[in-house]
There are 2 protein chains.
Amino acid sequence: MHNILQQHNHQHCIDDALARARELCQRRQVKFTRIREQVLACVWANHQPVGAYTILEEIAKDSDRRPAPPTVYRALDFLLENGLVHRIASLNAFVGCKNPNHHHQGHFLICRQCRNAIELDTDVINSAINAAATQHGFAVEAPCVEVVGCCANCQELSDNE
Amino acid sequence: MHNILQQHNHQHCIDDALARARELCQRRQVKFTRIREQVLACVWANHQPVGAYTILEEIAKDSDRRPAPPTVYRALDFLLENGLVHRIASLNAFVGCKNPNHHHQGHFLICRQCRNAIELDTDVINSAINAAATQHGFAVEAPCVEVVGCCANCQELSDNE
DNA sequence: ACACTAATGCAATATTATAACATTTTATTC
DNA sequence: GAATAAAATGTTATAATATTGCATTAGTGT
Ligand SMILES: [Zn+2]
Ligand SMILES: [Zn+2]
Ligand SMILES: [Zn+2]
Ligand SMILES: [Zn+2]
């Protein structure tokens with residue numbers, strides 16, 4: 001069982017994500033400004049989706065200046081447009097995308113207990129959705145899949161109680 | 001192509017939904033009170049997910065008394081618990097369930113244009129989700145699937161332009 | 001330097017949802 | 001049927017999330 005949520009050097013996740021973002025923005029000729037970088041770093045602080053106002057608070061802590069909500073939301077919009085983060089609708093929260101170079105809508109397994117979100121990279125769900133949609137003559141544009149449950153880690157922990 | 005969204009007697013949808021709800025509540029020994037019925041009727045006014053505050057406005061129009069938000073949300077909570085409505089997280093809105101007797105989390109195709117929501121009744125998506133989740137040792141509890149796109153109706157309409 | 005555009009700052013407000021407590025209605029027991 | 005308990009609703013206030021509109025600043029090209 002390879003589980004990114006246990007025993008991994010998360011600093012690598014952060015560094016990689018920021019490096020990918022810098023590279024991607026340069027390639028696309030869009031600006032990876034300070035506030036955008038701060039917000040992305042905040043989203044990548046861990047693997048748990050984070051709310052806009054939490055991001056705001058974190059930035060206020062780190063930099064002694066408190067951005068207003070629109071500032072954070074604009075940065076998030078930019079990151080969403082460029083596929084650097086995903087929005088988790090059921091949590092009103094945002095999480096880093098692990099493959100921003102490939103345009104996609106993320107599919108997530110969200111642990112009710114530890115709150116970590118695992119982004120799936122398989123196509124079986126999209127295939128199933130497309131099959132069902134086709135039966136209704138429905139043209140899929142943005143499939144949103146957010147599965148709440150209990151991750152392998154947390155299941156083990158509660159087994160050992 | 002059988003599409004519930006075109007050419008159907010929607011009064012039947014409403015009447016059936018309310019009848020099912022009455023019956024279900026009686027069977028479960030829970031109370032289908034006036035406000036709960038009003039809210040459910042409002043949700044079933046059409047096939048488009050409707051927000052809590054819109055429901056509030058509609059009830060205010062119909063009955064000359066304006067329920068406060070908690071009243072509407074409590075009625076919605078009751079209807080959710082009893083599977084009579086589903087919540088569409090990506091729209092912060094609620095829509096009637098077409099099969100409340102069978103406990104399930106709904107999967108929806110949501111048209112970006114006409115805003116109608118089609119509830120799927122196939123199991124292929126759940127199968128795909130379970131397959132993907134199993135690979136991660138993840139125990140699925142509540143899969144949320146909300147697919148935005150363009151319905152058959154609206155595709156035809158834009159073709160004929 | 002000038003004009004132009006993109007990005008950010010800032011104040012106010014909109015939208016969605018809940019907390020806390022009072023009152024009323026309904027069911028149960030004596 | 002009155003006393004009691006439980007459930008449902010009313011009411012006020014407020015929390016949490018998100019956007020609008022306009023002013024200011026920072027880059028970009030001429
Ligand atoms: Zn990590
Ligand atoms: Zn992603
Ligand atoms: Zn109908
Ligand atoms: Zn349903």
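The analysis underlying the following values was restricted to heavy atoms, covering all of them including side chains, and did not include hydrogens, waters or symmetry mates. Each chain gets a letter, A, B and so on, in the order its sequence line appears, and its residues count up from 1.
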>> With a 4.0 Å cutoff (strictly under), does any side-chain N or O of N92(A) reach OP1 or OP2 of dA18(D)?
In response: yes

> OP1 or OP2 of dG10(D) sitting under 4.0 Å from any side-chain N/O of T71(B)?
Replying inline: yes

> When you look at K98(A) and D121(A), which way does the salt bridge (charged side-chain N to carboxylate O under 4.0 Å, His left out) test go after all the steps?
Replying inline: CA-CA 9 Å; K98(A) 61 178 184 179; D121(A) 50 11; 3.6 Å; yes

>> Is there a side-chain contact between Y73(B) and the phosphate of dA17(C), meaning an N or O under 4.0 Å from OP1 or OP2?
In response: yes

>> Nearest whole Å is fine: how far is dA7(C) P from L76(A) CG?
In response: 15 Å

>> Whole angstroms only, please: what is the NZ-P distance between K31(B) and dT26(C)?
In response: 8 Å

>> What is the distance, to the nearest angstrom, from the CZ atom on F32(B) to the C1' atom on dT9(D)?
In response: 16 Å

>> Could you tell me how far apart Q38(B) (CD) and dA8(D) (P) are, to the nearest whole angstrom?
In response: 17 Å

>> From CG of N82(B) over to P of dA8(D), roughly how many Å is that when rounded to an integer?
In response: 10 Å

> Any side-chain N or O of R36(A) under 4.0 Å from OP1/OP2 of dT8(C)?
Replying inline: yes

>> Taking the nucleotide of DNA chain C with the nearest heavy atom to each, does P69(A) or F78(A) sit closer to the 5' end?
In response: F78(A)

> Got more than 12 heavy atoms from elsewhere within 6.0 Å of CZ, R27(A)?
Replying inline: yes

> T33(A) near the nucleic acid: base, sugar-phosphate alone, or nothing, with a heavy-atom cut-off under 4.0 Å?
Replying inline: sugar-phosphate

> 5'-most contact on DNA chain D: Y53(A) or R34(B), nearest heavy atom basis?
Replying inline: R34(B)

> Do any N or O atoms from the side chain of R36(A) and from the backbone of K31(A) form a donor-acceptor pair under 3.5 angstrom?
Replying inline: yes

> Between L56(A) (CG) and dT8(C) (C1'), how many Å, whole number?
Replying inline: 14 Å

>> The test is ring pair (Phe, Tyr, Trp, His ring centres under 6.0 Å); show your working for H86(A) and H107(A) and say whether it passes.
In response: CA-CA 9 Å; H86(A) 293 287; H107(A) 298 169; 9.2 Å; no

> More 5' along DNA chain C: L91(B) or I35(A), using each one's nearest nucleotide?
Replying inline: I35(A)

>> Considering every strand and a 4.0 Å limit on heavy-atom distances, what is the contact class for R65(B): base, sugar-phosphate, or nothing?
In response: sugar-phosphate

> When all nucleic acid strands are considered with a 4.0 Å heavy-atom cut-off, which category describes P70(B): base, sugar-phosphate, or nothing?
Replying inline: base

> Rounded to the nearest Å, what distance is computed from the CG atom of residue D77(A) to the P atom of nucleotide dT19(D)?
Replying inline: 7 Å

> How long is the line joining CZ of F94(B) and P of dT16(C), in whole Å?
Replying inline: 10 Å

>> Take a 6.0 Å sphere around CZ of R115(B) and say whether it holds more than 12 heavy atoms from other residues, nucleotides or ligands.
In response: no

